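Written out below as structure tokens is the structure these notes cover.
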Amino acid sequence: MNAYTDLFSFVGANLQGSEIRRLFATSMQPDIISFAGGLPDPGSFPAQEVAEAVNKLLQQRGDLYLQYGPSSGTREGIDAAIHRMKNRSIHAEPAQIIMTSGSQQAIDIMTMIFIDPGDVILVEEPTFVGALGTFRNSQARIIGVPMDEQGIDITILKQTLQNAKQENHRVKFLYLIPNFQNPTGLTMSQERRVSVLQIAKEYDFMILEDDPYGELVFNGDLNSVRPLKAQDAEDRVIYTSSFSKIISPGIRLGWVLTAPHIIERFDMAKQMLDVCSNPLMQGLAWELCNSGFLDSHVTQLRRIYKSRADVMLAALQRYMPEGVSWTKPAGGFFIWLTLPRQINALEMLNTALAHNVAYVIGSAFSANSAGENTMRISFCHEQEEIIEKGVYRLAETIKDFISREG
Ligand SMILES: Cc1ncc(COP(=O)(O)O)c(C=O)c1O
């Protein structure tokens with residue numbers, strides 16, 4: 001049964017599956033309304049436009065698009081990334097970019113390049129579970145810094161840095177998701193962004209800015225979600241974003257922007273990991289950017305997700321019992337719920353499943369499994385009528401659980 005497991009490496013033996021994946025199996029049952037996943041709305045995938053563009057590319061140069069490509073990315077992939085970043089006030093040169101298999105790979109390579117066991121990575125508390133998994137596997141010391149409505153708490157960030165300095169722990173980078181954060185839906189204020197850049201300079205660490213949701217700002221005001229990278233005078237920010245949320249996650253295409261001497265390292269790592277990103281999908285991304293389709297598609301996505309978020313927020317207001325609070329995202333996919341202190345979201349999960357509704361426990365997103373009375377619910381995947389019904393079930397779950405516990 002356990003044959004060969006004694007041959008696992010330290011990392012292999014200690015790999016941890018994601019809490020969200022485990023939940024998927026249960027929440028995919030047909031009767032369950034799942035707010036657990038973070039999957040984009042499949043109804044909005046531009047299948048027709050993708051089919052036409054792919055067809056055209058293959059007819060033109062099938063020999064190129066089905067061949068291996070440059071490990072840093074094809075000219076088209078890089079141009080597509082530059083196109084998206086221009087929308088975000090970031091000016092980029094091709095030599096500063098590498099195309100990746102999604103932002104997840106960018107996080108993975110970043111960790112490979114910068115982290116030795118014991119090095120400190122600072123993260124927002126809570127943060128993206130996929131990044132936490134990668135950081136854990138690298139044997140980094142992960143320290144969570146709490147957030148408020150404006151983003152990461154600056155006073156605690158400074159304290160944490162002081163403590164690390166006193167204990168001779170090397171802080172390598174701070175991992176941030178400034179826009180419509182996964183899991184909280186919170187957006188870091190522009191003032192905080194400036195403060196964080198100043199602190200990074202003062203304490204000399206890098207920032208990994210992960211920005212997959214920035215374009216999905218409900219009111220279309222991209223200035224309000226201007227990335228730190230757009231204000232990074234000294235190349236301290238390594239910026240990553242992705243086509244997963246604006247075209248489709250299945251095309252597995254993201255990118256990294258940083259100084260050429262660091263991109264070189266990303267390039268070498270990329271060669272080892274998977275040789276290159278998919279040339280056909282890079283051609284596709286450029287076709288959709290260049291034709292103007294993607295800009296109008298993003299406008300439509302904003303409408304879809306805003307409308308779903310509005311329905312979820314209104315339903316929360318209507319159905320939730322006293323003592324439950326939640327964030328009000330200005331974009332993205334997620335809302336973060338805080339329950340009365342005595343409620344443990346993990347213990348409540350079976351009650352929720354009995355009420356045919358699912359969520360992700362908040363502690364799954366915490367560096368030290370904190371936040372037992374919190375949960376993430378997503379409005380990205382379900383239709384509006386279903387969202388309304390699901391929030392009703394969730395509110396009934398909470399009332400039911402409170403009455404039984406109390
Ligand atoms: C904050 C954040 N970063 C990165 C990713 C990874 O996305 P991908 O690898 O599909 O670009 C996700 C996906 O949900 C995410 O929420």
Side-chain angles (χ1 to χ4, degrees), residues 18-21 23-24 34-42 45 73 77 80-81 84-85 97-111 121 123-135 142 144 147 151-152 173-188 207-217 225 227-229 237-257 266 270 273-274 277-278 281-282 284-285 301 305 327 329 331-336 360 362 364-367 376-381:
S18 139
E19 195 79 40
I20 298 178
R21 290 243 157 130
L23 246 180
F24 257 175
S34 178
F35 296 143
L39 304 184
D41 170 32
F45 292 152
R84 290 339 284 173
M85 287 190 284
I97 296 169
I98 185 166
M99 302 306 294
T100 55
S101 301
S103 284
Q104 182 66 42
Q105 187 177 51
I107 297 167
D108 188 23
I109 300 180
M110 174 83 188
T111 309
I121 303 175
V123 299
E124 291 161 313
E125 171 77 14
T127 192
F128 171 48
V129 74
L132 272 182
T134 301
F135 298 158
I142 308 164
M147 306 164 77
I152 198 161
F173 64 86
L174 166 63
Y175 172 65
L176 292 176
I177 310 158
N179 301 317
F180 326 125
Q181 200 234 21
N182 181 0
T184 60
L186 292 170
T187 295
M188 185 184 285
I207 294 169
L208 175 56
E209 180 175 26
D210 186 7
D211 189 24
Y213 302 103
E215 289 209 51
L216 299 178
V217 53
V225 288
L228 281 83
K229 186 66 194 167
V237 179
I238 297 185
Y239 179 83
T240 177
S241 186
S242 159
F243 290 102
S244 287
K245 317 297 194 244
I246 56 173
I247 300 179
S248 114
I251 71 170
R252 303 309 303 131
L253 196 60
W255 70 91
V256 179
L257 168 72
F266 270 84
K270 174 79 184 168
L273 286 173
D274 61 355
S277 291
N278 184 322
M281 293 301 109
Q282 294 181 73
L284 166 72
L301 292 178
Y305 292 124
T327 56
F333 285 6
F334 306 110
I335 291 176
W336 185 251
V360 189
F365 302 95
S366 163
R376 186 192 78 178
I377 53 176
S378 54
F379 49 80
C380 45
H381 191 255

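Values in this document were obtained by computation on a predicted structure and should not be read as measured data. Start at 1 and go down the list; that is how both ligands and their atoms are numbered.
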Show which atoms of ligand 1 fall inside a sub-4.0 Å distance from at least one heavy-atom site of G102. 8 (P), 9 (O), 11 (O)

Min over L39, D210, I251 of heavy-atom distance to atom 2 (C) of ligand 1 lands on D210

Using a 3.5 Å cut-off on N or O atoms only, is S103 in polar contact with ligand 1? yes

With rounding to the nearest 0.5 Å, note down the distance linking SG in C380 to CG in L216. 10.0 Å

Protein heavy atom at shortest distance from atom 13 (C) of ligand 1: K245 NZ, 3.0 Å

Which residue holds the protein heavy atom closest to atom 10 (O) of ligand 1, what is that atom called, and what is the gap in Å? S244 OG, 2.6 Å

If the cut-off is 4.0 Å to any non-hydrogen atom of R252, which atoms of ligand 1 fall inside it? 8 (P), 9 (O), 10 (O)

Looking at ligand 1, does G130 have a heavy atom less than 4.0 Å from it? no

Non-hydrogen atom of Q181 closer than 4.0 Å to ligand 1: no

Nearest-0.5 Å distance, CE of residue M147 to CG of residue L176: 8.5 Å

E209 side-chain N/O to P178 backbone N/O, donor-acceptor pair under 3.5 Å: no

Atom CZ of F334 and atom CG of L186: how far apart are they, to the nearest 0.5 Å? 12.5 Å

Using a distance-only test with no angle check, is there a side-chain donor-acceptor pair under 3.5 angstrom linking D274 and Q105? yes

Give me the residue, atom name and distance of the protein heavy atom closest to atom 12 (C) of ligand 1. F128 CZ, 3.4 Å

Take F135 and Y175 through the ring pair (Phe, Tyr, Trp, His ring centres under 6.0 Å) test and state the conclusion after the steps. CA-CA 10 Å; F135 298 158; Y175 172 65; 5.5 Å; yes

Any chance you could lay out the side-chain hydrogen bond (donor to acceptor under 3.5 Å, both in side chains) test for S103 and T240, step after step, and finish with the verdict? CA-CA 6 Å; S103 284; T240 177; 3.1 Å; yes

Angle between ring planes, Y305 versus F333, binned at 30° and 60°: parallel, tilted or perpendicular? tilted

With a cut-off of 4.0 Å, which atoms of ligand 1 are near a heavy atom of I177? 1 (C)

Applying a strict 4.0 Å limit to heavy atoms, is Q105 in contact with ligand 1? no

Atom 16 (O) of ligand 1 - nearest protein heavy atom and its distance: Y213 OH, 2.6 Å

Flag for Q181-T184: side-chain donor and acceptor within less than 3.5 Å: yes

What residue and atom, counting heavy atoms only, is the protein's closest point to atom 6 (C) of ligand 1, and at what distance? Q104 N, 3.9 Å

